[in-house]
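All remarks here apply to the structure that follows.
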There are 2 protein chains.
Amino acid sequence: MVTVGIKEVAQRAGVSPGTVSNVLNRPERVAAATRSRVEQAIRELGFVRNGSAATLRAGQSRTVGLVVLDVGNPFFAEVARGVEDVVSDRDHAVILCNSGESPEKESRNLRVLAEQRVRGVLITPVGEDTSRLQRLRDRGVAVVLVDHSASGDLCSVAVDDVAGGDLATSHLISRGAERLAFATGPLAIRQCADRRKGARRALRNAGLPVRSIEDVVVPEMNAHGGRLAAEKLLAGDLPEAVFCANDLLALGVLRTLLQAGVRVPDDVALIGYDDIEFSSAAAVPLSSIRQPTYRLGKIATELLLDECDDPGGHAHQQIMFQPELVVRESSR
Amino acid sequence: MVTVGIKEVAQRAGVSPGTVSNVLNRPERVAAATRSRVEQAIRELGFVRNGSAATLRAGQSRTVGLVVLDVGNPFFAEVARGVEDVVSDRDHAVILCNSGESPEKESRNLRVLAEQRVRGVLITPVGEDTSRLQRLRDRGVAVVLVDHSASGDLCSVAVDDVAGGDLATSHLISRGAERLAFATGPLAIRQCADRRKGARRALRNAGLPVRSIEDVVVPEMNAHGGRLAAEKLLAGDLPEAVFCANDLLALGVLRTLLQAGVRVPDDVALIGYDDIEFSSAAAVPLSSIRQPTYRLGKIATELLLDECDDPGGHAHQQIMFQPELVVRESSR
DNA sequence: CGAGCCAATTAAAACGTGTCAACAACCCCG
DNA sequence: CGGGGTTGTTGACACGTTTTAATTGGCTCG
């Protein structure tokens with residue numbers, strides 16, 4: 001491994017290392033002739049700037065961290081795409097971390113990111129405890145919450161999950177449903193708790209008792225979790241409508257119900273959440289709550305980089321999008 | 001931004017910086033009493049090791065790069081999950097890059113990764129040209145190809161796409177189809193070209209002329225591309241069966257055909273590729289070619305880290321998995 | 001009691017870049 | 001021809017860690 005550094009380049013081009021550095025970072029300050037001489041030397045030697053040295057010197061790197069609950073979930077994959085697009089435009093890189101909904105993994109990830117001296121962190125936090133994030137921020141790392149609203153001292157980009165839960169449930173009620181189920185992941189996950197809250201608000205507004213909706217909690221928010229939830233439902237009296245905390249769950253539920261001979265939406269109406277690409281192509285096209293997923297990632301990243309570029313003049317913003325009801329066959 | 005370094009910790013614990021470093025990296029070399037004193041100082045000051053400095057000193061970081069064609073594709077999301085799991089076990093981090101099938105973006109990404117002094121790079125290359133990768137490797141960065149086979153001087157983990165194309169097409173032929181279509185992304189993408197090659201092999205083996213299959217090339221390998229492909233098909237004589245180069249295409253095709261009133265599989269049989277989770281939940285459950293996606297990411301990463309840990313004794317391996325036919329409603 | 005050894009600790013020298021004050025060369029204009 | 005301004009270049013230091021060889025002090029054994 002031959003390590004060609006700025007010095008070798010300088011020597012070859014017959015200039016000082018400082019000039020090479022200038023060519024790299026402020027090309028306008030160096031005369032055209034010298035510049036092209038240096039550039040040629042760079043090409044000939046195959047020189048690549050050592051990012052760690054630059055980071056060490058500068059105190060921060062050209063990377064941002066992205067911590068999501070599950071890359072396998074198309075929702076987060078889409079967020080990641082938004083992040084990656086912006087970051088790559090600005091010549092930065094993304095360090096992707098999966099917390100898998102575990103606070104320990106989240107902590108570990110944050111430590112690694114802090115060690116890497118990332119400029120900022122985009123995170124969908126696992127729990128409600130933002131103290132670790134505060135400490136990060138105090139250490140000079142910008143933090144933007146994604147799909148989770150913050151309380152004034154942090155930036156956040158989120159979608160109103162209570163409104164979404166209300167939207168979904170009101171829709172089911174307007175269709176005549178009076179006995180509902182809410183299939184969800186652990187209620188410790190804020191998204192789940194909020195959507196549930198919205199569902200209950202919808203019930204109250206419709207004059208229905210809160211016990212009209214039954215919570216079906218499963219450990220994982222994916223298709224397998226959906227299967228489990230459906231099995232629980234099938235073991236009792238089937239509700240008239242099921243609201244699922246995300247589309248992955250809903251697809252699992254749908255499939256299991258169909259296999260058991262239940263007709264959707266005639267026997268049971270179904271609605272999911274996130275409106276991932278595949279929901280519209282499902283066996284019974286799935287109603288869902290649409291979120292501006294790609295924009296979530298994009299805007300969060302812009303906020304983050306703006307905060308990085310001007311830490312003083314930056315005012316924390318809490319952006320809240322409104323979700324949108326998409327009605328398809330599964331609840332028509 | 002207060003930067004608390006190893007020196008402050010040393011001062012507070014009443015030891016030298018070297019000892020603090022030892023506590024961090026070889027705890028067994030330092031006496032229990034001093035160690036705990038240092039550890040306490042670390043906790044009290046909230047010290048986090050500066051990774052860039054460590055990287056600068058060591059010459060390489062504790063990160064690996066992952067360059068994929070599209071994070072939005074569940075196939076790659078699943079690969080990423082496999083990578084992330086292994087890497088995080090070994091206390092490393094992943095830098096995720098999207099090449100979006102563009103050689104320019106790929107180059108840019110590789111430059112960033114080289115600057116970051118990643119230990120290794122996992123990449124699904126856009127084109128066939130591996131010279132850039134060779135240069136990377138010569139510079140001391142381990143390289144493992146993912147979903148792309150290498151030719152001896154590089155590690156690779158791939159799935160036999162020719163066999164997969166053959167499998168899919170033979171299946172359609174065995175069902176009685178004699179006029180086929182192959183919906184695909186740009187044939188410059190190796191996966192597409194190989195699957196096409198497999199399809200043609202199947203035709204030959206069945207004694208059918210090569211012109212029995214019509215290529216329908218679209219620019220993007222996602223649901224939108226699938227819609228385009230289906231529209232092209234609908235504009236002419238419908239084939240008896242369509243083989244799609246991936247499931248996203250197939251889902252787009254399926255949806256568009258159904259909307260146009262075409263019955264699947266009665267009018268047109270359909271098979272996809274990748275067997276992503278959603279294929280089984282589609283309007284008409286999709287036949288597909290299954291690949292060991294998660295294992296692809298996992299094994300590639302293990303190979304990569306092994307190469308990093310023992311660059312001398314490492315023999316390059318080309319691992320090739322065999323794909324598997326999954327028959328569902330869409331081609332039954 | 002001293003030589004020799006071991007364990008624990010330290011001081012100092014890298015790693016490769018960015019920055020900044022200082023300097024050189026040149027030009028313009030009085 | 002000289003003073004002052006401008007443009008381009010330089011040299012040296014700092015960033016925070018790891019590592020190596022050197023040092024200290026305590027202990028054993030002859």
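Below, chains carry the letters A, B, ... as their sequence lines are ordered, and counting in each starts from 1. These values consider heavy atoms only, across backbone and side chains, with no hydrogens, waters or symmetry-generated copies.
Between the CD atom of A/Gln11 and the P atom of D/dG11 there is a distance of 13 Å, given to the nearest Å. Taking atom CZ of B/Arg62 as the reference point, atom P of D/dT18 lies 11 Å away to the nearest angstrom. Here the P atom of nucleotide C/dA12 and the CD1 atom of B/Ile6 are 17 Å apart, to the nearest Å. When rounded to the nearest whole Å, the span between CG of A/Leu24 and P of C/dG18 equals 6 Å. If you measure from atom CD of A/Glu115 to atom P of D/dG16, you get 15 Å, rounded to the nearest angstrom. Here the P atom of nucleotide C/dG16 and the CD atom of B/Gln116 are 16 Å apart, to the nearest Å. Rounding to whole angstrom units, CD of residue A/Glu28 and P of D/dT6 are separated by 17 Å. Rounded to whole angstrom, the span from the CG atom of B/Leu56 across to the P atom of C/dA14 amounts to 14 Å.
Taking only side-chain atoms of A/Ala54, from C-beta outward, the nucleotide of C/dT17, D/dT9, D/dT10 with the closest atom is C/dT17. Checking C/dT17, C/dT10, D/dT9 against every side-chain atom of B/Thr19, the shortest atom distance belongs to C/dT10.
Side-chain atoms of A/Arg57 stay outside donor-acceptor range of the base of C/dT17, with no qualifying N/O pair under 3.5 Å.
For D/dT17, neither phosphate oxygen OP1 nor OP2 lies less than 4.0 angstrom from any side-chain nitrogen or oxygen of B/Ser21. Regarding contacts with the backbone of D/dT9, a side-chain N or O of A/Thr34 is found under 4.0 angstrom from either OP1 or OP2. Regarding contacts with the backbone of C/dG18, a side-chain N or O of A/Arg49 is found under 4.0 angstrom from either OP1 or OP2. Remark: B/Arg26 is in phosphate contact with D/dT19, judged by side-chain N or O atoms under 4.0 Å from OP1 or OP2.
Nucleic acid contact class of A/Asn22 (heavy atoms, under 4.0 Å, all strands): base. If you check every strand for non-hydrogen atoms under 4.0 Å, A/Val15 touches sugar and phosphate atoms only.
Distance alone, capped at 3.5 Å, is enough to place a donor-acceptor pair between the B/Arg139 side chain and the A/Gly46 backbone. Here the side chain of B/Arg26 pairs no donor or acceptor atom with the backbone of B/Val23 at under 3.5 angstrom. Not a single donor-acceptor pair under 3.5 Å links the side chain of B/Gln116 to the backbone N or O of B/Thr63.
Under a 4.0 Å N-O distance rule, the pair A/Arg108/A/Glu104 does not qualify as a salt bridge. Classification of B/Asp89 and B/Lys298 as a salt-bridged pair fails, no side-chain N sitting under 4.0 Å from a carboxylate O.
Residue B/Gly14 is the one, among B/Gly14 and A/Asn50, whose nearest nucleotide of DNA chain C lies closer to the 5' end (criterion: closest heavy atom).
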